[in-house]
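In this text, all values refer to a predicted model and were calculated from it rather than measured experimentally. We count ligands from 1, going down the list as the structure has it; atoms in each ligand are counted the same way.
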Amino acid sequence: MSANFEYDSDSYRRVLDGDRRGVNIYSRCGNPSEYAFDDQMALIANADACLATASGMAAIATLLFGMLKAGDHIVSDWTTYSSTHEFFDHRFTDFGVTTTFVDTSKLSEVAMAIRPNTKIIYFETITNPAMKVVDVEVLVALAHSRGIAVVCDNTFASPYIFRPHDWGVDFVVESATKWIGGHSDALGGTITMKTSLFPTDFIETIRWSTLTKLGGALSPFNAWLLLRGIQTLHVRMDQACKSAIVLARFLEGHPKVHRVWYPGLESHPQHTIAARQIPRFGAMLTFEIATENEAVKVLDSLELCTFGASLGGVRTTTQVPSTMAFLDVPHEDKARMNIRDGMCRVSVGIEDPQDIVSDFEEALSKI
Ligand SMILES: *Cc1c(COP(=O)(O)O)cnc(C)c1O
């Protein structure tokens, strides 16, 4: 828990010689707990290197500001985390970086959007709220045939159930706030790298060129909480994924539910791709009922599960995507992202699955 460290002659020399990784200088540049978390994350993500940040958005902003400059172009899926979408759609354009939004599950759309200055293809491995799953292998093949790096946000899956680097993805960002930490008590983010398109020390270059300048360093206390979270990631994810399919099947059979989006259901549009890529299917699902008002009423009536923001914790958490996460996204864009008013998103936790189902059964009886 220190911001500052005492030098010894060895660390003093190492810094002068340019070997700064692991030398404790000042915690915005790196911290022993942060280095330990980097190493653990690189291991479980099957990456060559990891750089931890203060939040998932800090990871995304740090990586992209580290990789891009004015005049560069991004091809991104329409459906990304709302702050990511807004960053690409507004803030990044102020710095001369433009984005073309496409459906990355349609390869011809991606190919047509690529320009000579395209540097990144960006997507999420499971999208919010329709839980779209993209065929990663074919997307990576297309990008690499043009010399373009692939960046993906793997937050909804977590490295335990899907490791994008194993499928050729160059850079992966995670909001460690979610499944990795797992207890909704610490913000954090990670950037991992496994690529032949950049030098092996590129992550460390970003640490010095960008993270230390933007300032989004991970606090040592949060690094410690996130390291503790990793120790139970597999147990929590196994339980949450098992309960998710139970809840998804219950909701699919419920008369008041119009539709359920869960990659593990045969009715999901990308079920076959998901079965190959993410055989545990994850613990995020969305169901649709008639109206937004009814959606709020159902979620507010839950006793065990929580109505609120965020996801990936040990407690089941629910929200109405159209008026919560995507509140600031214009209506036309919401339609392209497949966001509908009566949708309820569920991040399934580790409570007893029968208790979760009973809670939803009771809440749905209120409408
Ligand atoms: C929460 C989230 C983020 C942002 O992470 P923070 O830790 O809240 O900054 C990015 N992407 C996805 C998919 C998320 O769910």
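- Remark: Arg336 does not engage Asp103 in a salt bridge, criterion side-chain N to carboxylate O under 4.0 Å.
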For Arg207 and Glu34: C-alpha separation, side-chain torsions, deciding distance, then whether salt bridge (charged side-chain N to carboxylate O under 4.0 Å, His left out) applies. CA-CA 12 Å; Arg207 179 194 294 276; Glu34 186 254 323; 3.0 Å; yes

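- Below 30°, between 30° and 60°, or above 60°: for Phe162 and Trp167 the angle between ring planes is between 30° and 60°, a tilted geometry.
- In terms of polar-atom proximity, defined here as any N/O pair under 3.5 Å, Glu124 makes no such contact with ligand 1.
- Of all protein heavy atoms, the one lying nearest to atom 9 (O) of ligand 1 is Met57 N, 2.9 Å.
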Report the C-alpha distance between Phe87 and Phe65 in whole Å, list the side-chain angles of each, state the deciding distance to 0.1 Å, and finish with yes or no for ring pair (Phe, Tyr, Trp, His ring centres under 6.0 Å). CA-CA 11 Å; Phe87 178 47; Phe65 274 115; 5.8 Å; yes

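- Residue Lys334 qualifies as enclosed at atom NZ: its count of foreign heavy atoms under 6.0 Å is above 12.
- A cation-pi arrangement is absent between Arg236 and Trp179, since the terminal nitrogen or guanidinium carbon is not both under 6.0 Å from the aromatic centre and inside a 45° cone about the axis.
- Numbered from 1 in the order shown, with element, the atoms of ligand 1 that lie under 4.0 Å from a heavy atom of Thr177 read 7 (O).
- Protein heavy atom closest to atom 5 (O) of ligand 1, with residue, atom name and distance, is Ser175 OG, 3.0 Å.
- For atom 11 (N) of ligand 1, the nearest protein heavy atom (residue, atom name, distance) is Asp153 OD2, 2.6 Å.
- Of the listed residues (Asn154, Thr155, Thr53, Thr190), just one forms a side chain to side chain donor-acceptor pair (under 3.5 Å) with Glu174, and that residue is Asn154.
- Of all the atoms in ligand 1, the ones that sit under 4.0 Å from a non-hydrogen atom of Ser55 are 7 (O), 9 (O).
- The distance criterion of under 3.5 Å between nitrogen or oxygen atoms is met by Gly56 with respect to ligand 1.
- Within ligand 1, counting atoms from 1 as listed, the ones closer than 4.0 Å to a heavy atom of Leu311 are 15 (O).
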Could you go step by step and tell me if Asp17 and Arg14 meet the salt bridge (charged side-chain N to carboxylate O under 4.0 Å, His left out) rule? CA-CA 5 Å; Asp17 293 343; Arg14 275 175 65 189; over 6 Å; no

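- When hydrogens are left out, the protein atom nearest atom 1 (C) of ligand 1 is Lys178 NZ, 1.4 Å; that is the closest non-hydrogen contact.
- Here is the list of ligand 1 atoms found below 4.0 Å of a heavy atom in Thr155: 11 (N), 12 (C), 13 (C), 14 (C), 15 (O).
- Ranking the protein heavy atoms by distance from atom 4 (C) of ligand 1 puts Tyr81 CE2, 3.4 Å first.
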